[in-house]
Structures are given as structure tokens and as C-alpha cells.
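Just so we're clear, the structure is a prediction, and the values are computed from it rather than from any experiment.
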Amino acid sequence: MDMIMLVLGLAIFTMLINVPLGMWRESVRKFSPSWFIAVHASVPLVIALRIWLDVTNWAIPFLIGIAILGQFIGSRVYRHKNAVHKVKKVSDKT
């Protein structure tokens, strides 16, 4: 039960870190240095926490999936925010 709670906590942390990074990634040019930093910035932190918390290696694929999901959610939030902002700008001009 302890290991499940550790993996769940680490998964939540991974998601919370990757959502804003996904938003940042969406706002920069694809494959630019900033883009690579946005994609990979959470990796050393999650690895360090996984080792420090002594989380099993079996959790790695799950955590990678959670990181990708967080990036995806962040990019969608950024796109939605921009779309709403553009609509608001257009409606303010009329």
C-alpha cells in the first residue's frame, strides 16, 4: 500500500509540473532550445524524486505517460486560453 501511495503522489506531482511546462511549450517555436527545455525540464526532477522516494522501476512507464498527459493538457489549456483571448479582443473592437 505504501508503494501505491508513493507512486500516486509522484504521479500527481509529475502532472502538476508538466501542465505549466506544456503551456510554455505551446507558446514557443517547435524544436527551439526553449521547446526542448519545456519538454525535458521535469525529467531530472521526477527521476531524482523517484530515486529519493525509492519508487520501483515498474512505475517509470506510468510516470512517463503521466508526464506526456500533463504536457498535452497544458498545451490544450494554452490553446483554449488564446482562443478565448482572441474572441474577447475581436468582440471588444466591435
Side-chain angles (χ1 to χ4, degrees):
M1 187 67 156
D2 263 351
M3 185 58 65
I4 292 172
M5 295 306 290
L6 284 175
V7 171
L8 185 61
L10 192 54
I12 291 168
F13 176 78
T14 301
M15 176 73 78
L16 290 174
I17 292 296
N18 276 285
V19 169
L21 288 173
M23 292 172 69
W24 177 34
R25 177 183 56 87
E26 191 65 29
S27 71
V28 297
R29 189 172 47 89
K30 196 170 190 176
F31 300 119
S32 67
S34 296
W35 185 88
F36 278 101
I37 291 170
V39 169
H40 297 99
S42 68
V43 173
L45 187 58
V46 173
I47 289 172
L49 277 173
R50 188 186 61 77
I51 291 170
W52 183 62
L53 294 172
D54 199 28
V55 172
T56 180
N57 289 341
W58 289 98
I60 294 172
F62 175 66
L63 293 173
I64 291 171
I66 292 294
I68 292 169
L69 181 63
Q71 288 274 331
F72 178 77
I73 290 170
S75 71
R76 295 297 173 205
V77 168
Y78 180 82
R79 287 180 188 183
H80 178 73
K81 229 171 146 179
N82 260 5
V84 168
H85 183 68
K86 285 179 184 177
V87 168
K88 191 173 182 181
K89 243 184 185 178
V90 169
S91 67
D92 287 347
K93 288 183 180 180
T94 58

Sequence neighbours excluded and cut-off under 3.5 Å, please list the side-chain donor-acceptor pairs for residues 61-74, or say none.
from : atom 1 : to  : atom 2 : distance (Å)
Q71  : OE1    : R25 : NE     : 2.8
Q71  : NE2    : N18 : OD1    : 3.1
Q71  : NE2    : A38 : O      : 3.1

Membership question, hydrophobic clusters at under 4.5 Å side-chain separation (ILVMFWY): are V43 and V28 in the same one? no

In the single-linkage hydrophobic clustering (I, L, V, M, F, W, Y; side-chain heavy atoms under 4.5 Å), do L45 and L21 co-cluster? yes

Supply the atom-to-atom distance N57 CG to I51 CD1, rounded to the nearest 0.5 angstrom. 8.5 Å

Please give me the minimum heavy-atom distance between L49 and F13, naming the atom from each residue. CD1-CE2, 3.3 Å

How long is the gap from CE on M15 to CG on L10, to the nearest 0.5 Å? 12.0 Å

Between atom NZ of K30 and atom OG of S32, what is the distance when rounded to the nearest 0.5 Å? 11.5 Å

Minimum heavy-atom distance between F36 and F31, given as atom pair plus value: CE1-O, 3.4 Å

To the nearest 0.5 Å, what is the distance between CG on L8 and CE on M3? 13.0 Å

Cluster question for you: counting only ILVMFWY and a side-chain heavy-atom cut-off of under 4.5 Å, with indirect links fine, are V84 and V77 together? no

Hey, any chance V39 and I60 share a hydrophobic cluster, counting ILVMFWY side chains that come within less than 4.5 Å of each other, even indirectly? no

Going hydrophobic residue to hydrophobic residue with side-chain gaps under 4.5 angstrom, can you get from I17 over to W52? yes

Say you draw a straight line from CZ of R79 to OG of S27; how long is it, rounded to the nearest 0.5 Å? 12.0 Å

Residue pair Y78 / E26: nearest heavy atoms and the distance that separates them: CD2-CG, 3.4 Å

What's the spacing between I37 CD1 and W24 CH2 if we round to 0.5 Å? 5.0 Å

